[in-house]
Amino acid sequence: MKFYITTPIYYLNDAPHIGHSYTTTAADIMARWKRLKGYDVAFVTGTDEHGAKIVAAAKEKGKSPQEFVDEMSEKFKDAWKLLNISNTGFIRTTDASHIKNSQDIIQILFDKGLIYKKKYTALYCVGCEKFILERDLDENGCCHDHKTKPQLQSEENYFFKLSQFQEILLERILDEKHKEHIEIQPMERRNEIIGKLKLGLDDISVSRATLDWGIPVPFDKNHTIYVWVDALISYITAIGYPAKNNPLSDFWPADIHLMAKDILWFHCVIWPAILIGAGLAAPKKVYSHGFFTIDGDKMSKTIGNVISPQALVDKFGVDAARYLTVSLIPFGPDGDISWSGLNLKYNTDLANNLGNLTSRLNKMFQKYFEGNIPSVKHNGVLFEKAEQVLNEDFAKEMDAFQIHKASDALQKALTLINQQIENDAPWTLAKTDMEKLKECLFSYIQSFDLILLYLFPYMPVISQKIWDINGAQGNLEEIAKDYFANPKKYKDGFSKAGAKLQAAEVLFPRIQ
RNA sequence: CGCGGGGUAGAGCAGAUGGUAGCUCGUCAGGCUCAUAACCUGGAGGCCGCAGGUUCAAAUCCUGCCCCCGCAACCA
């Protein structure tokens, strides 16, 4: 079973921030989850390095575009390393293989008569160095950014016959039974795309005559390929297109393209049209999440409220930063992120529940059994209850990419253990019934271990750490894969009788 | 009549196929003492934007209206 998930390739005019890490962390959690479930996963992220804005940004720093993108793309690689992102590929649009692929695809489209040359006359803003539409002007007829009147300018460009694809795209998006159905999530975004699609499609310009920093159009070296077209093609370059003798290309079409809502149109309409036009399969699912505000304000350099991945990691640690980023707000709609919200979620979910339960159980074992797992028959009642929450709630939400709800299911499962402890009152049993106490503690630790398997995608390091503390042996990820392939094998749990629990440190100190 | 989303307890949100209104946080009361002043139980708190309609029955379907947000940004 193969599974291919992508993040957008990030445009390099800015350093990585929480917007980028949100998407990438979400994709990583999904990739890790699918691996546990036995899928062979390709997970690609990367950087988008062409275009006028890059040239401008480089110039501002006194660098050549190439120097600039080399530096900037390292920052993204570093950020993903910091966040323990398990991507299997990192594509740069300046990679030689990608340049060749983009040219091949454009050539194919050209040969099929889907690309033609046309003179294009429109308003051009010198400040932006791009054509702008009349509806994008302010009340004085000036550009929003530069407050200057745009000039009428004409340019000869190559156009892609996007207009031909309206029918086929609508059919594939609307018909869920279509063998090449393109699924768009969430629903409200899908409706929006369908609505726009029904209005009709214009052919789009796919080349630039005035921009050098780009991939040359193969049949006309005076033009470069429009940066968006080249960016999209990276998704197939990344897994080894063209197919010849490349096992990776079995991963196409992509199972999920993940992104923020602003670039949904490119992925649901332009990208599938290019693929279909070139005789290739279109992606199976396009999933967009919302934008977020920081403390109610738009995330903005000017306001100065941009949160970097590093700042999150500094405050919460890597695993907690991962967990909090994707759990704080619903996945799909717009949401608000604030430090106070993050702190609260950290305290409730991680300090009070996960962290506290770790030391709660640990101290009981230390106090009553010198830190050893007692030998006792496994009473599986609690274990099965937890299994049910995880298999039903967690798995259902995760597969629907509702990762914030899946994390709620984790919390629910942890609460089951806390409730059971309260119900059994082991501190009383310690005085009255040692056999029963053994049985109870044994079932708590096994159920907790079970939850850790599901926690792994969110917190790959800490889950292993708790696993070790709990006296469970071996590599959590490997055991999780084995468990999902054959759950019955682990009916009696994971921590073995006779194993010793490690002393637990405070994993998540409360934030005051 | 541009397109789309949304209006549900103090806050943030769930609530395909209509049938006693739920969750998290906060708040109040109680319990426990193994645990990171953590944990558990219970309570209070809602005319489900407004007005009509369909129905034995509507937050959920239909009609009309009101209000908020995005489709403009340095941006995922």
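A note on names: the letters A, B, ... follow the listed sequences, proteins ahead of strands, and every chain is numbered from 1.
With hydrogens and angles ignored, no donor-acceptor pair under 3.5 angstrom links the side chain of A/R360 to the base of B/C39.
Taking the ring pair (Phe, Tyr, Trp, His ring centres under 6.0 Å) definition, one finds that A/Y11 meets it with nothing, sequence neighbours left out. Shown here are the side-chain hydrogen bond (donor to acceptor under 3.5 Å, both in side chains) partners of A/N353, two or more places apart in sequence or in another chain: A/Q411, A/N418. Looking at residues two or more places apart in sequence or on another chain, you find a side-chain hydrogen bond (donor to acceptor under 3.5 Å, both in side chains) between A/Y454 and A/N391. Among residues two or more places apart in sequence or in another chain, the side-chain hydrogen bond (donor to acceptor under 3.5 Å, both in side chains) test is passed with A/S234 by none. In terms of the salt bridge (charged side-chain N to carboxylate O under 4.0 Å, His left out) criterion, A/E67 has no residue partners (sequence neighbours excluded). Among residues two or more places apart in sequence or in another chain, the ring pair (Phe, Tyr, Trp, His ring centres under 6.0 Å) test is passed with A/F442 by A/H378. Partners of A/H181 according to the side chain to side chain contact (heavy atoms under 4.5 Å, CB included) rule, which considers only residues two or more places apart in sequence or in another chain, are A/E176, A/H178, A/E183. Annotation: side-chain hydrogen bond (donor to acceptor under 3.5 Å, both in side chains) contacts of A/T94 (sequence neighbours excluded): A/E49.
For A/K261, the side-chain atoms get nearest to B/G70 when compared with the rest of B/U36, B/G70, B/C40. The side chain of A/K363 lies closest to B/C34 when the candidates are B/C34, B/A76, B/C40. Each of B/C75, B/C34, B/C71 was ranked by its minimum atom distance to the side chain of A/K196; first place goes to B/C71. Nearest to the side chain of A/T23, among B/A76, B/C75, B/U36, sits B/A76.
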Practice item. List the steps, then state whether salt bridge (Lys or Arg N to Asp or Glu O under 4.0 Å) holds for A/E505 with A/K465. Key: CA-CA 10 Å; A/E505 60 198 286; A/K465 199 166 190 172; 3.7 Å; yes

Exercise for review: Could you run through nucleotides 22-33 of chain B and give me one letter per nucleotide, 5' to 3': B if any protein heavy atom sits under 4.0 Å from the base, S if only the sugar-phosphate is that close, - if neither?
Suggested key: ---S-----BSS

Revision key, fill the gap. Contact string for nucleotides 4-13 of chain B, one letter per nucleotide 5' to 3', B = base within protein heavy-atom range under 4.0 Å, S = sugar-phosphate only, - = neither, reads SS--------

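Within residues 306-328 of chain A, no residue has a heavy atom under 4.0 Å from RNA chain B.
Distance check on atom P: B/G22 versus B/G45 gives 14 Å, rounded to whole Å.
For A/L350 and B/A38, the CG to P distance is 15 Å, given to the nearest whole Å.
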Revision key, fill the gap. Output field dot_bracket for RNA chain B (Watson-Crick or G-U, both distances under 3.5 Å, | for other-strand pairs) contains .((((((..((((.....[..)))).(((((.......))))).....(((((..]....))))))))))).....

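Taking the nucleotide of RNA chain B with the nearest heavy atom to each of A/S359 and A/Y22, the more 5' of the two is matched to A/S359. Residue whose closest nucleotide on RNA chain B sits further toward the 5' end, between A/T358 and A/T415: A/T358.
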